[in-house]
Amino acid sequence: MMATGGASKILFVAAIDFGTTYSGYAFASKADLDKKLEEGEDVPIQANIWNAGARSLLSSKAPTALLLKPDKSFQSFGYDAENDYSQLVEEEEHEDYYYFHRFKMILHDNPNLRKDTLVKDTTGKSLPAIDVFSHSIKFLKQHLFDTINNHIGGELKEEDIQYVLTVPAIWDDKAKQFMREAARKGGISGDQLMIALEPEAASIHCQNIPLGKGGGEATYMVVDVGGGTADITVHQRSRLGGHSELKELHQATGGAYGGKSVDDAFEKFLCEIIGKGKLKKLREQSMEDYIDIFREFETKKRSFASSTTREKESFSLPVTLTSMVKSDMKLKTMDAAIKQSPYGEQLAFSHHKLQISSELFRNLFQPTIAGILEHMEKIFYDSKFQHVDTIVMVGGFSECKLVQDSIKKRFTLKRIIIPHDPGLAVLKGAVLFGHKPRTIGCRVARYTYGVQSWPAYNDYYRRDKRVVVEGVARCKDVFLVYVEKGQQLTPGHSESQVFRALKADEECLQCAVYISDQKSPTYVDEPGCRLLGILTVPLDQSGPGPAEVEETLVFGETELYVKAKDIKTGNKYQTQFDLLH
């Protein structure tokens with residue numbers, strides 16, 4: 001069952017943003033939320049500050065890095081995991097440990113996702129992904145609980161917190177359920193957990209920003225670019241009295257166009273210079289040096305702007321790495337490596353620094369930025385959204401100057417709004433969502449949803465689909481549409497259909513639910529159609545004739561729910577699909 005967030009026992013609302021590259025949490029007391037929101041004031045939402053230890057860095061988020069002991073039990077997370085693993089590598093004691101880094105993308109666009117899906121660690125060893133995610137969430141949940149408990153003096157109980165877990169809106173229902181299951185294994189009970197869609201949460205956070213030309217209504221595009229994905233949608237804000245409501249006008253679109261894809265391009269670029277395998281070897285022999293390379297790149301990545309007057313960008317390369325190049329009989333020196341690379345004149349090496357031309361550095365971003373712009377353009381090309389003149393940029397990667405510059409240059413007539421600290425917009429908005437989930441008044445279906453049905457056969461159907469069951473000619477594999485892709489849905493929107501068991505002696509009825517990328521599919525095995533899940537309903541066959549079941553799908557929430565009712569007995573079933581078998 002879905003948590004409502006309205007239980008009187010809740011004292012705090014807390015959000016966990018489990019990101020591809022960085023993760024964190026934020027919280028606020030329910031009393032403060034009630035009081036400040038009623039008075040129209042900003043709510044004091046607190047985010048944790050993480051300490052990177054020896055590197056003397058302070059950050060509102062920690063790296064999404066997990067270290068497990070050889071027996072697969074928890075060792076550390078975040079900066080501690082990075083530092084602990086670097087030390088183990090230095091002492092050559094890391095081989096039996098499990099180190100996972102930036103592993104969230106295994107859930108993106110993965111039609112084969114299951115509870116037993118495996119994920120590989122840095123050295124290639126595999127563990128069930130559900131265990132890796134649950135260890136991470138358990139750490140964040142416990143760290144969060146301890147922080148609040150210390151904040152109030154040690155009187156907190158587990159049931160006093162309403163948890164909100166954020167996920168990309170472009171994720172499918174399987175990935176959302178995977179995160180819910182991982183959270184349950186991580187110690188968050190189902191009735192205390194809500195799932196929030198990241199662009200919605202960010203949009204809620206931005207409600208106090210002037211978005212329109214006056215009045216209470218505003219329509220704007222939300223561009224949420226984080227470490228792994230870009231989530232792009234269109235929202236409309238309406239204000240009636242003191243109440244604010246958001247409506248999604250365009251289903252979330254986007255893809256793997258986050259900061260990680262630029263990091264991957266940089267890593268590939270380095271490998272093309274120094275030769276394949278050397279970065280892997282560096283990771284295996286000097287993890288601290290490997291981490292430092294990408295931390296420096298992260299800093300440059302965020303600050304690099306299209307208006308820069310610098311001709312070159314410089315990066316420190318550790319002695320460990322340059323020594324590997326020198327020991328390579330084909331390369332021997334960094335200068336030789338540069339000359340043999342595809343980049344030649346655009347690179348130089350001096351005083352342990354690799355100097356990259358600004359043009360070449362900019363090119364590392366181009367495929368990612370092009371993907372973001374393409375998805376934005378598709379929406380703006382739609383006549384229904386050409387009037388939208390405001391773009392709100394949120395997410396950690398939206399802090400990148402080059403991303404900002406590219407969007408401003410492409411959409412010169414649009415108003416670009418970037419809130420203060422856009423990397424925390426999702427977290428803080430998720431706290432507000434957990435307090436008042438009905439702030440979202442409408443969502444748009446990303447797929448066509450329906451069930452497999454076996455109606456009486458007629459000439460409309462394909463002949464190869466004709467089957468005879470109990471003496472009746474039927475058409476198999478028909479896609480009975482419940483909700484069309486692009487349809488606007490209010491939270492709790494339900495669609496029902498009565499099904500009769502095909503045979504009188506059947507003990508259960510299986511409801512196979514399908515989704516499609518097409519608006520009006522005819523059969524469940526058409527291109528773009530795929531099985532979402534199966535709900536099994538036990539049947540009472542004590543009476544005459546085949547049993548009948550009313551099956552209801554509940555849409556418009558952040559997760560899909562299903563209800564079933566045996567019409568003969570009145571027995572009701574309400575559950576989520578088990579989509580991960």
Side-chain angles (χ1 to χ4, degrees), residues 16-24 50-55 57 59 61-108 110 116-143 178-179 182 185-186 226-228 258-261 263-264 266-268 270-271 276-298 318 320-321 324:
I16 296 174
D17 181 2
F18 189 89
T20 300
T21 52
Y22 293 95
S23 298
W50 304 87
N51 192 329
R55 294 181 177 87
L57 294 174
S59 171
K61 291 185 179 180
T64 305
L66 173 72
L67 180 63
L68 300 180
K69 297 174 183 177
D71 65 359
K72 302 171 189 176
S73 63
F74 179 82
Q75 169 77 27
S76 50
F77 181 87
Y79 287 112
D80 289 341
E82 286 188 345
N83 296 335
D84 289 350
Y85 191 68
S86 296
Q87 185 66 31
L88 288 167
V89 170
E90 191 74 24
E91 297 170 357
E92 298 184 356
E93 296 179 358
H94 64 289
E95 287 294 339
D96 294 331
Y97 284 76
Y98 296 83
Y99 181 69
F100 297 92
H101 187 234
R102 300 187 174 189
F103 48 87
K104 181 183 174 185
M105 288 300 285
I106 194 174
L107 303 188
H108 174 66
N110 183 356
D116 59 358
T117 294
L118 299 176
V119 60
K120 291 183 178 180
D121 82 335
T122 300
T123 62
K125 300 188 295 295
S126 295
L127 285 181
I130 195 79
D131 294 339
V132 176
F133 279 78
S134 63
H135 273 301
S136 304
I137 293 173
K138 182 177 182 179
F139 167 81
L140 289 166
K141 178 250 182 190
Q142 190 60 50
H143 200 285
F178 185 96
M179 289 300 287
K185 288 195 71 174
K260 180 181 180 295
S261 59
D263 297 345
D264 292 343
F266 179 64
E267 183 165 359
K268 180 183 177 184
L270 288 178
C271 288
K276 292 182 179 179
K278 289 189 177 61
L279 275 184
K280 181 176 182 291
K281 189 175 180 182
L282 179 70
R283 203 167 54 218
E284 293 169 350
Q285 295 183 0
S286 183
M287 189 67 179
E288 186 171 357
D289 286 335
Y290 177 85
I291 290 171
D292 283 342
I293 289 175
F294 285 91
R295 282 192 178 161
E296 183 178 358
F297 178 72
E298 181 70 21
T320 319
L321 185 61
M324 290 179 189

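Side-chain atoms are counted along with the backbone in the values below, which use heavy atoms only and exclude waters and symmetry mates.
Aromatic ring pairs are classed by plane angle as parallel below 30°, tilted from 30° to 60° and perpendicular above 60°; the pair Phe139 and Phe74 is parallel.
No side-chain heavy atom of Phe103 sits less than 4.5 Å from a side-chain heavy atom of Lys120. Residues Leu321 and Asp289 fail the side-chain proximity criterion, which asks for heavy atoms closer than 4.5 Å. Inter-residue side-chain proximity for Tyr85 and Gln75 is flagged as unmet; no heavy-atom pair is nearer than 4.5 Å. Side chains of Ile16 and Ser23 form no contact here, defined as non-hydrogen atoms less than 4.5 Å apart. With contacts defined as side-chain heavy-atom distances shorter than 4.5 Å, the pair Thr64/Phe18 qualifies. Met287 places none of its side-chain heavy atoms less than 4.5 Å from the side chain of His101. Annotation: side chain of Pro318 is not in contact with side chain of Asp292 (no heavy-atom distance under 4.5 Å). Residues Glu298 and Thr21 form no side-chain contact, since every pair of their non-hydrogen atoms from C-beta on lies 4.5 Å or further apart.
The distance from atom CD of Glu288 to atom CG of Asn83, rounded to the nearest 0.5 Å, is 7.5 Å. We find the NZ-CG distance between Lys69 and Asp96 to be 14.0 Å, quoted to the nearest 0.5 Å. Atom OG1 of Thr320 and atom NZ of Lys278 lie 14.0 Å apart (nearest 0.5 Å). Distance check, rounded to the nearest 0.5 Å: OH of Tyr99 to CD of Glu82 gives 4.5 Å. Here the CG-NZ distance, from Leu279 to Lys268, works out to 14.0 Å after rounding to the nearest 0.5 Å. We find the CG-OG distance between Asp131 and Ser73 to be 12.0 Å, quoted to the nearest 0.5 Å.
In terms of heavy atoms, Gly78 sits closest to Ala62 at CA-CB, 4.1 Å. For the pair Ala129 and Val119, the tightest heavy-atom approach, listed with the atom from each and the gap, is CA-CG1, 3.7 Å. Considering every non-hydrogen atom in both Ser134 and Ala182, the closest pair reads CB-O, 3.3 Å. Shortest non-hydrogen contact noted between Ser76 and Ala81 is OG-CA, 3.2 Å. Shortest non-hydrogen contact noted between Gly227 and Thr20 is C-CB, 4.0 Å. Heavy atoms only, all atoms of each residue included: Val89 and Glu284 are closest at CG1-O, 3.0 Å.
Residues Lys260 and Asp264 are paired through a salt bridge, judged by an N-O separation under 4.0 Å between the basic side chain and the carboxylate. Salt bridge status for Asp17 with Lys61: present, with a side-chain N to carboxylate O gap under 4.0 Å.
Stacking of Lys125 on the aromatic ring of Tyr98 is recorded, both the 6.0 Å distance cut-off and the 45° axial limit being met.
Enclosure of atom CD in Glu90 is not indicated, since only 12 or fewer non-hydrogen atoms of other residues, nucleotides or ligands lie within 6.0 angstrom. The neighbour count for Glu92 CD, taken as heavy atoms of other residues, nucleotides or ligands under 6.0 Å away, does not exceed 12.
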Criterion side-chain contact (heavy atoms from CB on, under 4.5 Å) on Leu107 and Phe133, from CA distance to verdict: CA-CA 11 Å; Leu107 303 188; Phe133 279 78; 3.7 Å; yes

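For Phe100, there are no ring-ring contact (aromatic ring centres under 6.0 Å, His included) partners at least two apart in sequence or on another chain.
Screening Ile106, Leu127, Leu118, Asp121 against Val132 for a side-chain contact (heavy atoms from CB on, under 4.5 Å) leaves a single residue, Leu127.
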